[in-house]
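Here's the structure, in structure tokens; my notes come after.
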Amino acid sequence: PSTRLPCGSRVLDLSRPQVMGILNVTPDSFSDGGQHASLDAALRHAAAMAAAGATLIDVGGESTRPGARAVSPLEELERVAPVVEAIARELDVVISVDTSTPAVIRESARLGAGLINDVRSLARDGALDAAADTGLPVCLMHMRGEPGDMQNDPRYENVTEAVFQFLSERMAACAAAGISPERVVLDPGFGFAKTLAHNLSLFKHMERLHELGRPLLVGVSRKSMVGQALGRDVDERLYGSLALAALAVAKGAHILRVHDVAETVDVVRMIAAVQAAE
Ligand SMILES: Nc1nc2[nH]c(SCCc3ccc(S(N)(=O)=O)cc3)nc2c(=O)[nH]1
């Protein structure tokens, strides 16, 4: 696939792995306790991640961690829009918007977003048309059910094949709605409707997804697969998260969605130094 991904007014160079910094603008975000509720704090955090080497900032106004409660479209828009507008004005980064809501997709694109990141793969009514109309690239991610019930005994014959099949079908749905495959990024959806065993097996066999011919985005930062494998609380998962970041890069992932940007950028740069050697 081409190594350049047009993202609105910017272009992402996917010939080398890119680090996407996580910016939760939710009161109950699973990791940073919603301290970015205020616009100023959010902008400062985004600026710090950009300075640390993030080339994308992922702005999310709905918590989709297991058990999270739903948020109204209006509330989500009120959280996300001011932050997208401020980052578009102040920072030279690709703004990714983590949303499933058509109104948020449309308004975010109008305010300068460069990537639509939908954990529900544009399944909601109107989402495919909204994303198609923006002309922006979209990230499609595997999930089953909703955050409220997705961890209730998820079962797969073969989790990697199920994820492969799902992403293939969503890509076809996008193509039918006028979103060409060149605009698609794919994501296995670690931590969504998956047990530890599912997450580990899917990570081990991740290269299978390259056969879909699109860039891969991986989001494992501080997630329960690290916590369960190592017995670590959410604020003790940096080392495990960096191990998975390194392994994801070794497996050909193009975008890493992380909380700890500076640390992950050093992992990516160290691997690049070795790969560039004679
Ligand atoms: N493309 C993409 N977007 C994402 N947005 C999020 S929000 C994280 C929600 C969450 C938190 C914690 C756990 S857990 N129980 O595994 O620790 C699961 C899901 N994640 C991703 C991801 O991966 N890709």
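As the structure lists them, so they are numbered: ligands from 1, and atoms in each ligand from 1. Scope of the values below: all heavy atoms of this structure, side chains included, with no hydrogens, waters or symmetry mates.
Residue-level proximity to ligand 1 for Arg65 is carried by backbone and side chain together, each with a heavy atom below 4.0 angstrom. With a heavy-atom cut-off of 4.0 Å, Asn117 touches ligand 1 through its side chain alone. Looking at Val218 against ligand 1, nothing comes within 4.0 Å, counting heavy atoms. Proximity of Arg257 to ligand 1, defined as any heavy-atom pair under 4.0 Å, is confined to the side chain (atoms from C-beta onward). Using a 4.0 Å cut-off between heavy atoms, Pro66 contacts ligand 1 through its side chain alone, with no backbone atom that close. At a heavy-atom cutoff of 4.0 Å, ligand 1 is contacted by no atom of Val220, backbone or side chain.
Residues Ser15 and Asp13 have side chains that bring a donor and an acceptor to within less than 3.5 angstrom of each other. In this model, no donor atom of one side chain and acceptor atom of the other lie less than 3.5 Å apart for Ser121 and Arg170.
Listed by atom number, the atoms of ligand 1 under 4.0 Å from Met141 heavy atoms are 2 (C), 22 (C), 24 (N). Short contacts between ligand 1 and Gly219, defined as distances under 4.0 Å to a heavy atom of the residue, involve ligand atoms 23 (O). Set against the non-hydrogen atoms of Ser224, the atoms of ligand 1 under 4.0 Å away are 14 (S), 15 (N), 16 (O), 17 (O). Short contacts between ligand 1 and Leu217, defined as distances under 4.0 Å to a heavy atom of the residue, involve ligand atoms 1 (N). Taking every heavy atom of Val119 and a limit of under 4.0 angstrom, the matching atoms of ligand 1 come to 3 (N), 4 (C), 5 (N).
Using a distance-only test at 3.5 Å, with no hydrogens or angles considered, a donor-acceptor pair links the side chain of Arg144 to the main chain of Arg155. Between the side chain of Arg222 and the main chain of Leu238, no donor-acceptor pair closer than 3.5 Å is present. Side chain of Asp149 to main chain of Glu146: a donor-acceptor pair is present (N/O by atom type, distance under 3.5 Å, no hydrogens or angles). No side-chain donor-acceptor contact under 3.5 Å links Thr64 to the backbone of Pro147.
Atom-to-atom distance recorded for His142:NE2 and Leu186:CG is 12.5 Å, nearest 0.5 angstrom.
Between Asp58 and ligand 1, no pair of N/O atoms sits closer than 3.5 Å. Inclusion of Cys139 in the set of residues having an N or O under 3.5 Å from an N or O of ligand 1 is not warranted. Remark: ligand 1 and Asp98 share an N or O pair separated by less than 3.5 Å (distance only, no angle test). Ligand 1 has no N or O atom lying under 3.5 Å from any N or O atom of Arg237, backbone or side chain.
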Going through the checks in order, is the side-chain hydrogen bond (donor to acceptor under 3.5 Å, both in side chains) test met by Gln165 and Glu169? CA-CA 6 Å; Gln165 191 57 44; Glu169 287 164 5; 3.2 Å; yes
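When the heavy-atom distances from atom 1 (N) of ligand 1 to Thr64, Asp187, Val185 are ranked, the shortest goes to Asp187.
Annotation for Asn152: atom CG counts as buried by contact number, over 12 foreign heavy atoms lying within 6.0 Å.
Ring pair His254/His210 is perpendicular by interplanar angle, where above 60° counts as perpendicular and below 30° as parallel.
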